[in-house]
Amino acid sequence: MRFQKTLVDKNEVIMESAYEANSPLTTGKYAIQMIFNGAAAYTIANRELNLYSGNFIFLNQDTSYSRKIDSSVKVDAMSVLFDPDFVIDFEYSRTAKDELLLDEPKAEQRIAPVFVEAIYPLQGDMKFNLLNLKKQVEEGNTDNLLLNTYLEHCLLNYYALYDAEVLNRAAALKFLSHTTKSEILRRLSIARDYIISNYNKNICLEEIARIACLSVNHFLRTFKQAYHQSPHQFLTSIRLRQAKYFLRNTDYPVNEIVDIVGFECPSSFIRLFRNSFHITPGQYR
Amino acid sequence: MMTDELNYQVIFVRDVSLAAAFFMENLDLKKEEDLLVAGINCPVLKMFNGHRLMLLKHFEPETEPTVIYTDDCLRDFCKLKRKGIEMFSVPIYRTKGLSCEFFDPSGNHILLLEERDYTDA
């Protein structure tokens with residue numbers, strides 16, 4: 001099943017449900033790519049990333065990417081594509097003073113914003129708005145006013161998330177230069193995406209640091225400054241979050257889930273799960 | 001979905017039939033029953049989450065905002081705007097969820113709230 005809807009302002013919502021699919025190389029629009037069920041492999045510039053259920057990635061308009069779905073379970077994916085002019089106008093109306101907006105209502109000659117591209121968990125208002133948008137699209141709603149209102153709110157939610165997850169975290173880094181902070185956070189984001197993307201594999205610290213183009217010590221220190229946890233704690237939290245997803249959405253036995261999410265033994269998984277969520281996996285299910 | 005303990009509220013309206021039609025048509029409330037209170041017909045409408053709204057004929061509107069729950073605030077906001085109903089707040093994010101506000105035809109201050117459970121979202 002494939003649905004494609006082009007909205008006013010050249011924004012698009014694309015929904016897909018497939019076991020196997022190859023999306024061609026895409027560029028030219030800002031994109032929120034998300035997976036509701038299963039996983040998809042993305043090639044983004046020179047990075048290979050896996051996007052798992054319950055996550056989304058935001059991509060810049062000049063980024064080239066392709067997606068491959070090859071799964072034993074049906075993968076439900078949704079892409080929201082924003083026309084660069086829409087994002088430029090949105091940013092202008094968000095940042096310009098009211099007087100300026102009255103004098104110059106159009107964002108003429110503005111430069112398209114560039115974001116640090118990263119994978120985020122689909123949660124909070126972003127999740128609720130995207131699920132409501134998905135529901136409307138599935139019901140065949142073609143009301144452009146409504147669909148564009150969802151898109152505006154998705155951008156609003158993304159900007160709030162970006163402020164919290166990127167700008168505030170960059171500010172927390174203990175460097176004097178703003179440029180250095182931004183560059184370190186960009187590299188940490190690459191490492192973070194690598195961990196999320198390979199959460200169920202046996203990945204080592206040296207490998208993650210190499211991906212981020214940082215020494216192991218530098219990587220460890222700056223990761224903790226930015227995210228207030230070690231890379232290992234972050235990896236464990238991702239595994240536990242994915243375990244919660246499988247507990248809630250599948251009937252896989254706990255032992256199998258332990259294996260799928262990359263834990264080595266069920267007893268340590270149960271202990272970690274109980275310590276983190278104050279409930280056992282069985283009770284959570 | 002979170003629900004408050006109080007799930008039955010009364011709203012004063014000038015014309016119960018017109019008010020019932022307004023809430024059912026614009027906010028998808030369903031008529032559950034017609035109650036007779038002192039010989040006067042009072043429709044009871046049901047919201048998507050089970051909360052009830054009883055319409056009572058009265059010429060003065062409510063002084064406090066009346067909360068009406070919805071499962072999609074943006075959808076209802078656009079629907080009301082399209083019908084020409086003046087909204088006096090755009091959708092706003094609150095700790096309980098997403099809400100917007102408007103006056104109904106009887107002059108009641110309505111707070112339309114999409115409750116969101118952020119604890120496990």
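This is a predicted model, so every value here is computed, not measured.
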Using 30° and 60° as the class limits, which term best fits the ring planes of [X] and [Y]: parallel, tilted or perpendicular?
{"X": "Y162(A)", "Y": "F115(A)", "result": "perpendicular"}
{"X": "Y199(A)", "Y": "Y52(A)", "result": "perpendicular"}
{"X": "Y284(A)", "Y": "F273(A)", "result": "perpendicular"}

Are [X] and [Y] close enough for a salt bridge, meaning some N to O gap below 4.0 Å?
{"X": "R94(B)", "Y": "E101(B)", "value": "yes"}
{"X": "K135(A)", "Y": "D71(B)", "value": "yes"}
{"X": "R116(B)", "Y": "D125(A)", "value": "yes"}

Exercise. Just checking, is any N or O donor in the side chain of R241(A) or N55(A) under 3.5 Å from an acceptor N or O on the other one?
Worked result: yes
Exercise. Which residues in residues 75-91 of chain B have any heavy atom lying under 4.5 Å from a heavy atom of chain A?
Worked result: R75(B), C78(B), R82(B), P91(B)
For this session: Decide if the gap between the ring center of F269(A) and the ring center of F263(A) is smaller than 6.0 angstrom.
Result: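 So the answer is yes for these two rings.
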Problem set entry | residues 151-160 of chain A: residues contacting chain B (heavy atom under 4.5 Å, by number) |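 Only H153(A), L156(A), N157(A) of residues 151-160 of chain A have a heavy atom under 4.5 Å from chain B.
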Exercise. Is the Lys NZ or Arg CZ of K10(A) less than 6.0 Å from the centre of F86(A)'s six-membered ring, within 45° of the axis?
Worked result: no
